[in-house]
Number of protein chains: 2
Amino acid sequence: MTADGSCKPRARDGPVTSAIEPQKARRLYLLLRDQITSGRLPSGARLPGEPVLAAEHGLARVTVRRALDLLASEGLVRRRPGSGTFVQGPAGARPVIGDLPNLLSGLIAMGRATGVRLLSFEYVAAPAIIAEALLLEPGERVQRSVRVRLIDGQPFSYLTTHVPERVGLSYSEADLAATPLLSLMERSGVTADRATQAIGATLAGPEVAQALDLEVGSALIDLTRVVFDRSGRGVEHLHALYRPDRYAFQMDLVRTGDAGERRWTPAVPRPVKPESPRRPAARRPAP
Amino acid sequence: MTADGSCKPRARDGPVTSAIEPQKARRLYLLLRDQITSGRLPSGARLPGEPVLAAEHGLARVTVRRALDLLASEGLVRRRPGSGTFVQGPAGARPVIGDLPNLLSGLIAMGRATGVRLLSFEYVAAPAIIAEALLLEPGERVQRSVRVRLIDGQPFSYLTTHVPERVGLSYSEADLAATPLLSLMERSGVTADRATQAIGATLAGPEVAQALDLEVGSALIDLTRVVFDRSGRGVEHLHALYRPDRYAFQMDLVRTGDAGERRWTPAVPRPVKPESPRRPAARRPAP
DNA sequence: GCAACCTGTCTGCATAATCGGACAGGTGAG
DNA sequence: CTCACCTGTCCGATTATGCAGACAGGTTGC
């Protein structure tokens with residue numbers, strides 16, 4: 001049928017732009033999961049009944065159930081028929097605390113078992129962004145490596161590093177799989193002197209999601225760090241993605257300056273001392 | 001006809017746990033958007049033709065189109081019939097740079113127009129997490145406010161603050177809508193002395209998404225800061241969510257210490273000087 | 001001008017997600 | 001015990017999403 005042409009009048013001017021909403025079940029699932037892993041829904045809490053959740057979010061109960069089912073299958077929630085659904089808590093999994101490139105030594109000092117998986121290792125022409133950040137000639141060759149860092153056997157960060165060829169040639173693929181990059185560079189005479197880093201957030205794409213053992217679309221901390229040597233030449237470009245449930249940036253700040261012009265300055269990062277395993281998101285400052 | 005009962009045998013034992021994949025169109029959209037905003041697909045680049053993308057990702061061309069349509073409607077991409085689809089670049093929208101609670105003064109110094117929308121203001125019994133962080137008695141009353149911060153008229157952060165009643169009473173709702181919280185507290189004799197903050201990442205829930213003018217499920221920077229006064233009493237609990245495309249945490253690090261035990265320490269944050277408007281993600285360190 | 005390649009648009013069709021409602025059975029408080 | 005409330009489960013109807021293929025028309029390079 002589809003008569004002549006006037007069928008389906010549709011919005012003519014507006015580009016429709018239907019925005020592609022994520023499925024409702026998934027949406028609720030991610031939302032709840034996030035509230036649980038972030039501690040907003042504390043362990044042991046009983047969350048609203050399915051009919052209530054359905055009403056609040058404008059969903060059918062079946063849909064709410066799908067979200068809860070997923071949470072339950074991951075152990076984040078426990079359902080007791082007739083009683084309710086209770087937060088099981090990520091519990092023993094408060095994020096590891098890191099702040100600066102000192103992180104690794106800190107972790108090792110704490111006696112945590114860290115590991116690295118080297119996913120790729122190659123020399124390529126520097127992509128435009130990398131070249132610009134490291135102050136290289138466009139097209140200059142760089143060593144590109146992708147690693148996944150593990151703690152206690154679980155992946156928590158996905159690292160992509162670019163290093164100028166001259167620096168990268170001083171160590172081997174095997175070295176990289178075993179030793180922190182900065183140590184390797186130091187060992188071969190390159191001295192890291194200054195660095196710039198920016199922290200943001202992104203969503204997990206397929207590769208990263210698989211490597212970090214999570215779902216596409218999960219939230220990730222996004223860190224870009226550029227390291228320079230004494231003479232101002234770029235020696236490392238790091239792009240790191242962290243699972244926020246296993247890693248967080250933590251820093252203490254102190255108010256300094258005289259009455260008129262006071263400002264916050266970062267407290268000298270204290271050597272990370274082994275502390276009680278589970279910790280609330282915010283800690284007390286050093287007394 | 002859904003015969004008798006043997007139709008659709010389904011997995012009987014396994015709890016199915018079908019994982020609820022996000023729709024493919026959205027998935028591709030997120031992927032591409034991320035590559036664009038992160039600079040991996042540089043502005044001006046021509047991305048693969050629709051048939052190619054479809055093949056690579058195992059999708060129908062129509063599906064690929066939906067993803068590209070969305071990108072186009074957001075101005076991230078420009079489509080030229082017969083020629084191809086080109087990255088338009090987030091271009092004029094590199095994130096504002098912030099690092100510490102000094103941010104605001106920095107922004108003002110840069111002459112950017114900032115604004116605040118006060119979404120809610122009330123006194124409530126302190127939620128467990130807040131009480132614990134601020135070292136309050138459980139159930140003590142706190143002032144809870146939700147604000148959205150704007151820059152150049154566009155929302156970039158969603159702030160939820162909890163302040164002990166005794167502190168909060170020293171200023172009014174109107175004050176809060178006009179003046180930074182720390183200034184208010186300072187003005188009434190409370191001196192912020194130390195703070196602890198942790199940075200992570202989360203997904204945007206419905207309320208936040210609406211307030212920040214983005215889609216549910218977008219990635220957000222998640223900052224929790226607890227401020228203490230001189231005597232160690234908690235005076236403010238801040239939970240901030242930032243749009244990563246409009247805001248990023250940026251810091252410079254310097255290698256200090258003698259040969260044996262070197263570590264990274266944050267460089268004193270330089271007064272933010274007005275710089276050329278658009279900036280690559282990583283900056284050169286101070287010479 | 002021609003061929004190759006691209007986006008724009010349409011049409012049906014298959015499948016998965018969601019909805020609304022109904023019923024069974026467990027739990028907990030009065 | 002009884003009632004209110006909760007989860008577990010099933011159903012049919014509706015809608016969104018994705019698929020395959022085809023055609024129109026602009027762009028580019030030879």
Side-chain angles (χ1 to χ4, degrees), chain A residues 1-12 15-30 45-73 77-88, chain B residues 1-13 15-30 32 45-73 77-88:
Chain A
M1 293 28 187
T2 66
D4 38 323
S6 66
C7 163
K8 283 197 179 179
R10 275 287 203 140
R12 286 284 301 287
V16 183
T17 314
S18 49
I20 315 183
E21 293 272 313
Q23 312 102 307
K24 316 196 179 175
R26 179 181 171 78
R27 184 166 145 166
L28 179 58
Y29 158 71
L30 289 171
R46 173 178 172 286
L47 36 84
E50 294 172 7
V52 178
L53 279 176
E56 278 179 355
H57 296 253
L59 304 176
R61 197 163 75 93
V62 193
T63 309
V64 171
R65 294 208 94 248
R66 270 214 283 284
L68 294 179
D69 283 344
L70 240 188
L71 289 172
S73 81
V77 117
R78 208 181 124 204
R79 331 189 62 181
R80 257 187 298 161
S83 178
T85 303
F86 300 83
V87 175
Q88 195 72 331
Chain B
M1 278 68 172
T2 68
D4 39 324
S6 66
C7 164
K8 284 196 178 178
R10 276 286 203 144
R12 285 283 302 288
D13 39 0
V16 183
T17 314
S18 48
I20 315 184
E21 293 273 313
Q23 312 100 309
K24 314 193 178 175
R26 178 180 171 80
R27 190 166 146 159
L28 179 58
Y29 157 71
L30 290 172
L32 292 174
R46 174 176 172 289
L47 36 85
E50 294 172 6
V52 178
L53 279 177
E56 278 179 355
H57 293 87
L59 304 176
R61 196 164 76 95
V62 192
T63 309
V64 171
R65 295 208 92 247
R66 271 214 281 284
L68 294 179
D69 282 345
L70 239 188
L71 290 172
S73 80
V77 117
R78 205 178 128 205
R79 331 188 63 180
R80 255 185 300 160
S83 178
T85 303
F86 300 83
V87 174
Q88 195 71 330

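Just so it is clear, the values below take in all heavy atoms, side chains as well, and ignore hydrogens, waters and symmetry mates. Note on naming: letters A, B, ... go to the chains in the order of the sequence lines (proteins, then strands), and numbering restarts at 1 for each one. Note that the structure is predicted; figures quoted are calculated from it, not measured.
For Arg79(A), the salt bridge (charged side-chain N to carboxylate O under 4.0 Å, His left out) partners two or more places apart in sequence, or in a different chain, are Glu50(A), Asp69(A). Qualifying side chain to side chain contact (heavy atoms under 4.5 Å, CB included) partners for Arg80(A), counting only residues two or more places apart in sequence or in other chains: Arg78(A), Ser83(A), Phe86(A). Partners of Leu28(B) under the side chain to side chain contact (heavy atoms under 4.5 Å, CB included) rule, at least two apart in sequence or in another chain, are Leu32(B), His57(B), Leu59(B), Val64(B), Ala67(B).
Closest to the side chain of Arg65(A), from the set dC6(C), dT7(C), dT9(D), is dT9(D).
Here the P atom of nucleotide dT7(D) and the CZ atom of Arg66(A) are 17 Å apart, to the nearest Å. A straight line from CG of Asp69(B) to P of dG18(D) spans 13 Å, rounded to a whole angstrom. Straight-line distance from the CZ atom of Arg79(A) to the P atom of dT27(C): 15 Å, rounded to whole Å. The CG-P distance, from Leu28(A) to dA17(C), rounds to 16 Å in whole Å. As a whole-Å value, the separation of Tyr29(A) OH from dT18(C) P is 15 Å. One interatomic measurement links the two molecules: CD of Glu50(B) to C1' of dT27(D), which rounds to 15 Å at whole-angstrom precision. Distance, Arg27(A) CZ to dA17(C) C1': 15 Å, rounded to whole Å.
Here CG of Leu53(B) is found 11.0 Å from CZ of Arg61(B). Values are rounded to the nearest 0.5 Å. In this structure, CG in Leu68(A) is found 11.0 Å from OG in Ser73(A), a value given to the nearest 0.5 Å.
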Using a cut-off of under 3.5 Å, enumerate the N/O to N/O pairs linking the protein to nucleotides 28-30 of chain D.
none

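Among all heavy-atom pairs drawn from Ala25(B) and Arg66(B), the shortest one is CB-CB, 4.1 Å. Annotation for Ala54(B) and Ala60(B): closest pair CB-C, 4.1 Å, computed over non-hydrogen atoms.
An angle of 40°, rounded to 10°, separates the two end axes of the helix from dG1(C)-dC30(D) to dG30(C)-dC1(D), each defined over five pairs.
Val77(B) has its side chain within reach of Leu47(B): a pair of non-hydrogen atoms, C-beta onward, lies under 4.5 Å apart.
Residue contacts for Arg46(A): at a heavy-atom cut-off of 4.0 Å it reaches the sugar-phosphate backbone alone, with no base atom in range.
Residues from residues 52-63 of chain B with heavy atoms under 4.0 angstrom of DNA chain C, sorted by number: Arg61(B).
Mapping Val64(A) and Gly49(B) onto DNA chain C via the closest heavy atom, the residue that lands nearer the 5' end is Gly49(B).
Side-chain nitrogen and oxygen atoms of Lys24(A) include none within less than 4.0 Å of the OP1 or OP2 phosphate oxygen of dA16(D).
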